Amino acid sequence: MQTTKTLIFRAAVAIMAIGMLFWFSQKNRTVTVDGGFRMTMGTVARIMVTAENQQQADKAINAAVDEIFHIDELMSDYDPNSQLSKVNRHGFDQPVPVDAELFEVLTVAKLYSCLSEGAFDITIGPVVQLWRKASENNIAPTADALQKAKECVGYKNLILDAEKQTVQFAKDGMFLDLGGIAKGYAIDKAIEILQNAGMKGAMVDIGGDLRCFGMPANGKQHWLIGLQDPGDDEKILLTLNMDNMAVATSGDYRRFVVIDDQKHSHIVNPATADSANDLSSVTLIAPTATAADALATAVTVLGNKKGLDLINKIENTEAILLDANQTKKHTKTLGADQYIQND
Ligand code: AMP
Ligand code: MG
């Protein structure tokens, strides 16, 4: 009798233990889901998440992708119907009301203009347009045209009314180009959605700019990011170990124009209206992708010395630079080594 009772008790304990183990293993189950490639913002976006299950991951990825598409719709300067294009058409005539996201990115962009003393400037539109036309016609803009366009550039002439949420230009001929910051902003917004959806971790990549948080993919210890060799598409120059940080790379190695055998970067120095050609690649590591994106563009304009000086002053932010002439050798800020993987 005794033994039967003991046996039943032991069996019950064993069943409970197995049940708990099963529940615990389900609760701690993690899947890595790759959202695949999607065309947006003139490039390719990719989202990867770690989550409790596939269904939850798919739902969150779809919501994040929708947000990226929405930001592209608002901020594209190629689409005449975007809210940014409307601001560019009517901004001098009257204050133009805009959505919260566009207003936020304009406000933050102005802060990075102040921080970089105008090296980063979203009112660069007229000058960028001249260089874009030049690349189509293969004829460099005239000094006169560049001078006229340069006179329209100046972030201090961008009037943002926070109360009415309107945008206005103080100078005729001004227009905005968010190519140096919109990708970063879209990444941050997508990350916010994935965090709120309860993902264990995620990485959002738009055209090589990215941000990650939480548990890395496929049981790895960190999110791993390869820095491409500007001289060789197939080669990874170094690998970065990332946790809860953003990385953005600017430079002339992928997007440039050649006019009369001379290479011109798509990044323009607002002070000279000429393209910024000293650095072939600038990689910025920062807590948000908006910061990384804007500062990578700013440092490309500032060049090696001034660029490193600026980033060394900003907390939690690092830079790795490759000179246009010495692409095999990189220079970096004081704390950049903590992210570089030693092989
Ligand atoms: P990124 O690849 O983030 O460095 O952005 C480059 C894009 O930013 C260019 O293609 C232009 O659309 C825009 N841009 C160029 N020069 C500047 C500048 N000095 N400040 C802000 N945006 C710029
Ligand atoms: Mg940028």
Side-chain angles (χ1 to χ4, degrees), residues 41-45 71-72 75-79 82 84-85 88 105-106 108-136 141 146 149-150 152-156 158 174-188 205-211 228 230 246-257 264-286 288-303 306-307 310-311 317 319 321-322:
M41 307 187 111
T43 182
V44 183
I71 289 167
D72 187 31
M75 302 183 191
S76 164
D77 58 343
Y78 286 95
D79 174 6
S82 75
L84 183 76
S85 295
N88 281 340
V105 85
L106 297 180
V108 177
K110 252 188 120 166
L111 290 177
Y112 284 108
S113 293
C114 292
L115 194 68
S116 65
E117 294 178 352
F120 179 82
D121 192 332
I122 54 167
T123 68
I124 197 74
V127 180
V128 168
Q129 197 189 44
L130 277 183
W131 283 108
R132 268 191 206 159
K133 271 199 197 130
S135 77
E136 283 158 22
L146 280 174
K150 189 166 86 93
C152 299
V153 178
Y155 65 95
K156 288 179 185 153
L158 175 64
M174 273 177 80
F175 66 93
L176 307 176
D177 175 344
L178 295 179
I181 193 169
K183 285 203 291 283
Y185 182 76
I187 292 168
D188 286 337
D205 175 334
I206 306 182
D209 293 352
L210 54 94
R211 178 170 163 189
Q228 209 180 306
V247 184
T249 300
S250 283
D252 67 358
Y253 69 98
R254 249 177 289 167
R255 288 163 66 199
F256 57 85
V257 264
H264 298 272
S265 159
H266 63 121
I267 297 169
V268 180
N269 184 347
T272 61
D274 209 344
S275 80
N277 296 319
D278 292 352
L279 296 166
S280 67
S281 145
V282 172
T283 296
L284 231 295
I285 303 165
T288 70
T290 308
D293 193 0
L295 289 171
T297 310
V299 170
T300 306
V301 171
L302 289 169
K306 281 189 189 164
L310 172 69
I311 303 304
T317 303
L321 317 184
L322 294 173

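Remember, it's a predicted structure, so these values are computed and weren't measured experimentally. Atoms within each ligand, like the ligands themselves, are counted from 1 in listed order. Residue numbers count from 1 along this sequence.
No donor-acceptor pair closer than 3.5 Å links the side chain of Asn269 to the backbone N or O of Val301. Here the side chain of Ser116 pairs a donor or acceptor atom with the backbone of Tyr112 at under 3.5 angstrom. Counting only distance, with no hydrogens or angles, the side chain of Asp293 and the backbone of Gly184 share a donor-acceptor pair below 3.5 Å.
Leu284 places none of its side-chain heavy atoms less than 4.5 Å from the side chain of Val247.
Those atoms of ligand 1 with a heavy atom of Phe120 less than 4.0 angstrom away are 20 (N), 21 (C). Below 4.0 Å from some heavy atom of Pro270 lie the following atoms of ligand 1, by number and element: 19 (N). In the vicinity of Gly180, heavy-atom distances shorter than 4.0 Å reach the ligand 1 atoms 3 (O), 5 (O), 7 (C), 8 (O), 13 (C). Near Ala119, with a cut-off below 4.0 Å to any heavy atom, the atoms of ligand 1 are 18 (C), 19 (N), 20 (N). For ligand 1, the atoms sitting less than 4.0 Å from at least one non-hydrogen atom of Val301 are 19 (N), numbered in the order shown with element in parentheses.
The side chain of Asp177, and not its backbone, has at least one atom closer than 4.0 Å to an atom of ligand 1 (non-hydrogen atoms only; side chain from C-beta on).
Distances under 2.8 Å from the Mg ion (ligand 2) pick out the protein N/O/S atoms Gly180 O, Asp293 O, Asp293 OD1, Thr297 OG1.
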**OP:** Tell me, with the steps shown, if Asp77 and Arg132 meet salt bridge (charged side-chain N to carboxylate O under 4.0 Å, His left out).
**Re:** CA-CA 13 Å; Asp77 58 343; Arg132 268 191 206 159; 3.6 Å; yes
Original post:
When you look at Leu279 and Leu322, which way does the side-chain contact (heavy atoms from CB on, under 4.5 Å) test go after all the steps?
Top reply: CA-CA 6 Å; Leu279 296 166; Leu322 294 173; over 6 Å; no
**OP:** Apply side-chain contact (heavy atoms from CB on, under 4.5 Å) to the pair Thr297 and Ile181, showing each step before the final yes or no.
**Re:** CA-CA 8 Å; Thr297 310; Ile181 193 169; over 6 Å; no
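Polar contact check, Gly179 against ligand 1: a nitrogen or oxygen pair lies under 3.5 Å apart. Backbone and side-chain nitrogen or oxygen atoms of Lys183 are examined, and none is located within less than 3.5 angstrom of a nitrogen or oxygen of ligand 1. Residue Asp293 places at least one N or O, backbone or side chain, under 3.5 Å from an N or O of ligand 1.
One side chain, Thr290 or Asp188, offers a donor N or O that lies under 3.5 Å from an acceptor on the other. Remark: the Ser82 side chain and the Ser85 side chain contain an N/O donor-acceptor pair separated by less than 3.5 Å.
In this structure, of Ile124, Val282, Leu302, Val153, the residue bringing a heavy atom nearest to atom 17 (C) of ligand 1 is Ile124. For atom 4 (O) of ligand 1, the candidate residues are Ser250, Ala276, Ala248; the nearest heavy-atom contact is made by Ser250.
Between Asp205 and Lys183, none of the side-chain N atoms (NZ, or NE/NH1/NH2) sits under 4.0 Å from a carboxylate O, so this pair counts as no salt bridge.
In summary, of the residues considered (Ile124, Val128, Val268, Ile122), a side-chain contact (heavy atoms from CB on, under 4.5 Å) with Val153 occurs for Ile124 alone.
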